Amino acid sequence: MTKIIVGLDGHSSGDRALAHARKQAELLGKCELVVLYVIEWSPFSFQTAEENAQRAKRREEEISLAKERVVDPAVADLKSGGLTVTGRVQHGDVADTINRIAKDEKADLIVVGARGLGAVQRFARGSVSTKVAHHSPCDVLIVEHDD
């Protein structure tokens, strides 16, 4: 069965990625979608024990909100269309986390949206979609804009 990882970001770029992943899944037939939202989170901490405890609580709140507002509605919508889908929310470096999960899941395709950085910005600082594509364990579809 083909497995597709879909990176959501809570913006229209993620919505476009989701629409393209749905289209791919419908065309392929036997397909499993993994809807993924990654919250940027640095593992480094130079805080007191109390600040770290608050940080852990905030982390759990962020996961819950992302799941409730972004991932669960996407999963429900895809399932209502008869697709096989699971949802995940993770903390970490976005590109690294997407690629790690794609590797762990033995994904065949990653679908991510691009937020429309200009060529100069993309070249100067890079973008999540570019980083995913450069280090991906599988094929990557970057959805640039609506057609």
Side-chain angles (χ1 to χ4, degrees), residues 1-45 53-147:
M1 179 182 300
T2 302
K3 188 171 284 194
I4 301 174
I5 306 292
V6 187
L8 298 184
D9 60 3
H11 297 282
S12 61
S13 53
D15 295 340
R16 291 190 308 269
L18 189 64
H20 277 275
R22 173 192 296 252
K23 194 182 308 181
Q24 292 296 315
E26 289 169 347
L27 289 170
L28 290 168
K30 284 190 167 190
C31 185
E32 180 182 349
L33 294 168
V34 178
V35 175
L36 174 63
Y37 186 97
V38 180
I39 301 167
E40 187 72 45
W41 191 268
S42 170
F44 303 107
S45 170
Q54 290 172 352
R55 186 175 192 229
K57 180 181 176 191
R58 192 171 68 247
R59 181 177 189 230
E60 293 307 313
E61 290 169 352
E62 288 176 345
I63 288 173
S64 179
L65 279 173
K67 195 168 175 345
E68 176 185 319
R69 292 181 181 171
V70 179
V71 173
D72 288 349
V75 168
D77 184 49
L78 293 168
K79 282 186 176 181
S80 73
L83 297 171
T84 302
V85 59
T86 57
R88 294 177 68 173
V89 178
Q90 299 273 301
H91 274 98
D93 177 85
V94 178
D96 291 346
T97 303
I98 291 171
N99 283 332
R100 178 182 48 78
I101 289 172
K103 182 178 177 185
D104 293 348
E105 294 278 345
K106 296 178 177 50
D108 300 290
L109 178 66
I110 298 170
V111 181
V112 291
R115 285 213 195 157
L117 289 178
V120 173
Q121 281 183 310
R122 193 176 348 210
F123 178 76
R125 355 174 262 180
S127 69
V128 169
S129 57
T130 301
K131 291 174 187 173
V132 168
H134 282 242
H135 302 285
S136 173
C138 61
D139 292 336
V140 177
L141 172 61
I142 300 173
V143 182
E144 291 278 341
H145 52 77
D146 287 325
D147 284 329

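Everything numeric in this text was worked out from a predicted model, so none of it was measured. Worth knowing before you read on, the calculation uses all heavy atoms, side chains too, and leaves out hydrogens, waters and symmetry mates.
- Rounded to the nearest 0.5 Å, atoms OG1 (Thr86) and NZ (Lys79) are 8.0 Å apart.
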- [ ] Show your working on salt bridge (charged side-chain N to carboxylate O under 4.0 Å, His left out) between Asp72 and Lys67 and close with a plain yes or no.
- [x] CA-CA 6 Å; Asp72 288 349; Lys67 195 168 175 345; 3.0 Å; yes
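- Atom NZ of Lys131 sits about 8.5 Å away from atom CG of Asp96, to the nearest 0.5 Å.
- Across every non-hydrogen atom of Ile5 and Ala107, the tightest pair is CG1-CB, 3.5 Å.
- Put simply, the side chain of Ile4 reaches to within 4.5 Å of the side chain of Leu28, judged on heavy atoms.
- Across all their heavy atoms, Ala95 and Val128 have their closest contact at CB-O, 4.0 Å.
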- [ ] Just do the side-chain contact (heavy atoms from CB on, under 4.5 Å) check on Val112 and Ile98 with the steps written out, would you?
- [x] CA-CA 10 Å; Val112 291; Ile98 291 171; 4.2 Å; yes
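- Here SG of Cys138 is found 12.0 Å from NZ of Lys103. Values are rounded to the nearest 0.5 Å.
- Shown here for Gly7 and Ala17, the closest heavy-atom pair between the two residues is O-CB, 4.0 Å.
- Leu83 contributes atom CG, which lies 5.5 Å from atom CG of Leu78 (distance to the nearest 0.5 angstrom).
- Heavy-atom minimum distance, Tyr37 versus Gly10: CE1-N, 3.7 Å.
- Taking the side chain as every heavy atom from C-beta outward, Val35 and Leu8 approach each other to under 4.5 Å.
- Side-chain contact check for Leu18 versus Leu33: every heavy-atom pair is 4.5 Å or farther apart.
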Per-pair distances, 0.1 Å, donor-acceptor, side chain in residues 56-65, under 3.5 Å, sequence neighbours excluded:
unit_1	atom_1	unit_2	atom_2	d
Arg59	NE	His91	ND1	3.2
Glu62	OE1	His91	NE2	3.0

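- Here the closest heavy-atom approach between residue Ala66 and residue Ile39 is recorded as CB-CD1, 4.2 Å.
- Counting heavy atoms from C-beta outward, Asn99 and Val132 have side chains that approach closer than 4.5 Å.
- Residues meeting the salt bridge (Lys or Arg N to Asp or Glu O under 4.0 Å) test with Asp77, sequence neighbours left out: Arg22.
- In this structure, CG in Leu109 is found 9.0 Å from OG1 in Thr2, a value given to the nearest 0.5 Å.
- The two residues Ala133 and Val140 make their nearest non-hydrogen contact at CA-CG2, 3.9 Å.
- In this structure, the side chain to side chain contact (heavy atoms under 4.5 Å, CB included) partners of Gln90, at least two apart in sequence or on a different chain, are Leu36, Arg88, Thr97, Arg100, Ile101.
- Asp108 places a side-chain N or O within 3.5 Å of a backbone atom of Lys3 that can act as its donor or acceptor partner.
- A distance of 8.5 Å separates CZ of Arg16 from CG of Asp9, quoted to the nearest 0.5 Å.
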